[in-house]
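Everything on this sheet refers to the single structure shown next.
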Amino acid sequence: MLFVARKPEIKTVHGPAVETGSRICALAPGQKFHLFIRNTFEPVTVVAAAFDAGIEQAADDDPTFGQGAEGYGKRLGTAALDRVSNDFFHTFFFPVIFRQDPRYYRWGQGSTSTRLGYALTHVFVAHGDSGKRMFNFSEWMGTTASSALSNMYHPGNRRGVGPASQRIALSIGTDMGFDVLREFWPEIVRKLKLPFRERKQQAKPH
């Protein structure tokens with residue numbers, strides 16, 4: 001169960017630096033690429049892609065893929081590609097272009113409502129490489145780019161602004177939920193008695 005407990009921590013920053021306002025060391029482009037590789041090719045990601053493919057198979061999404069083993073194989077491939085492209089744009093490509101930190105900065109203190117509100121704003125507010133807060137371009141541009149790319153290998157996708165907007169809204173809503181999970185992950189794993197160890201990031205004082 002260790003690989004389950006560590007997944008939300010891969011792209012999470014926490015510790016005294018967040019609480020005191022010290023600046024977390026920025027990631028160089030190569031480090032952002034390494035983070036993308038590490039986050040994408042986790043066992044949990046493979047399991048999640050297999051689960052997504054099973055749901056799509058049952059719902060007969062992309063009916064041109066057919067059913068049976070061949071249909072499931074095609075859906076598994078596209079589900080895996082969805083996750084790779086989404087993480088590529090969110091964790092590496094746009095964070096490099098906009099000089100943003102693709103990680104979530106866990107608040108980890110205060111009331112539950114304060115922490116929940118903080119987590120829900122992350123899709124709008126990100127930390128720049130300079131340490132300053134800025135609009136989360138990587139979230140919105142990354143989601144739009146991965147949604148547009150998926151039309152190339154999802155022949156069953158509905159085309160047009162409306163369907164595309166729905167897919168983008170669903171993806172951002174999912175990311176918002178995962179940010180909430182990251183914020184409260186230490187409490188969750190302790191409650192479930194999962195193996196967990198917080199990683200400390202190196203910080204620079206202002």
Side-chain angles (χ1 to χ4, degrees), residues 3-14 32 35-59 61-62 75-95 98 100-107 112 115-127 135-154 156-189 192 194:
F3 66 89
V4 175
R6 75 186 179 195
K7 174 65 174 177
E9 289 296 293
I10 294 175
K11 289 177 62 177
T12 301
V13 172
H14 48 83
K32 291 175 182 178
L35 182 63
F36 150 66
I37 293 295
R38 185 183 175 201
N39 189 60
T40 300
F41 298 101
E42 273 278 301
V44 173
T45 305
V46 177
V47 173
F51 178 79
D52 289 345
I55 295 296
E56 293 171 2
Q57 179 97 338
D61 286 349
D62 283 328
R75 290 183 175 88
L76 178 60
T78 56
L81 190 54
D82 282 342
R83 291 183 175 274
V84 172
S85 66
N86 184 70
D87 209 34
F88 174 80
F89 288 122
H90 280 81
T91 306
F92 172 66
F93 188 77
F94 286 112
F98 292 108
Q100 291 187 321
D101 194 330
R103 299 170 293 183
Y104 173 78
Y105 282 48
R106 178 180 292 138
W107 191 251
T112 299
R115 294 174 64 190
L116 177 62
Y118 169 81
L120 292 175
T121 63
H122 182 247
V123 297
F124 302 103
V125 182
H127 286 77
F135 181 74
N136 197 341
F137 293 105
S138 300
E139 173 67 33
W140 292 83
M141 296 294 290
T143 302
T144 302
S146 59
S147 177
L149 180 62
S150 72
N151 285 332
M152 298 179 63
Y153 54 85
H154 277 285
N157 272 2
R158 293 166 54 213
R159 302 310 197 257
V161 176
S165 298
Q166 291 176 0
R167 289 193 294 270
I168 291 171
L170 177 61
S171 179
I172 289 177
T174 301
D175 289 345
M176 190 178 289
F178 205 70
D179 286 335
V180 172
L181 182 69
R182 286 189 175 103
E183 178 63 34
F184 294 99
W185 191 237
E187 291 91 336
I188 293 172
V189 294
L192 298 177
L194 296 175

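- Within the 3.5 Å criterion, the main-chain N or O of Glu139 finds a donor-acceptor partner in the side chain of Thr143.
- The minimum heavy-atom distance linking Ala126 with Asn136 is given by the pair CB-CG, 3.7 Å.
- The shortest distance between side-chain heavy atoms of Lys32 and Gln100 does not fall below 4.5 Å.
- Classified by interplanar angle (parallel below 30°, tilted 30° to 60°, perpendicular above 60°), the ring pair Trp140/Phe124 is tilted.
- A distance-only check finds no donor-acceptor pair linking the side chain of Ser171 to the backbone of Ile168 [under 3.5 Å].
- More than 12 heavy-atom neighbours from other residues, nucleotides or ligands sit within 6.0 angstrom of CE on Met176.
- The distance from the CZ atom of Phe178 to the OG1 atom of Thr12 is 7.5 Å, given to the nearest 0.5 Å.
- Remark: Phe51 engages no residue in a ring pair (Phe, Tyr, Trp, His ring centres under 6.0 Å) (not counting sequence neighbours).
- Annotation: side-chain contact (heavy atoms from CB on, under 4.5 Å) contacts of Asn39 (sequence neighbours excluded): Lys7, Ile10, Lys11, Asp87.
- Separation of atoms CZ (Arg106) and CZ (Arg115) is listed at 7.5 Å; rounding is to 0.5 Å.
- Here the side chain of Glu183 pairs a donor or acceptor atom with the backbone of Trp107 at under 3.5 angstrom.
- Between Phe89 atom CZ and Ser138 atom OG the span is 12.0 Å, to the nearest 0.5 Å.
- Separating the CG atom in Leu170 from the CG atom in Asp175 is a distance of 9.5 Å, to the nearest 0.5 Å.
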- Item | Criterion side chain to side chain contact (heavy atoms under 4.5 Å, CB included) on Arg182 and Asp179, from CA distance to verdict | CA-CA 5 Å; Arg182 286 189 175 103; Asp179 286 335; 3.2 Å; yes

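- Taking the six-membered ring where the residue is Trp, Phe137 and Phe98 present parallel rings, their angle staying beneath 30° rather than reaching 60°.
- Once rounded to the nearest 0.5 Å, the distance linking CG of Leu116 with CZ of Phe184 reads 5.5 Å.
- For the pair Pro102 and Pro95, the tightest heavy-atom approach, listed with the atom from each and the gap, is CB-CG, 3.9 Å.
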- Message: Thr112 vs Glu187, test: side chain to side chain contact (heavy atoms under 4.5 Å, CB included). Steps then yes/no.
- Response: CA-CA 11 Å; Thr112 299; Glu187 291 91 336; over 6 Å; no

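- Using a 4.5 Å heavy-atom threshold, the side chains of Thr40 and Arg83 count as separate.
- From Arg75, atom CZ reaches atom OG1 of Thr78 across 8.0 Å, with rounding to the nearest 0.5 Å.
- Between the Thr121 side chain and the Tyr118 main chain, a donor and an acceptor come within less than 3.5 Å of each other.
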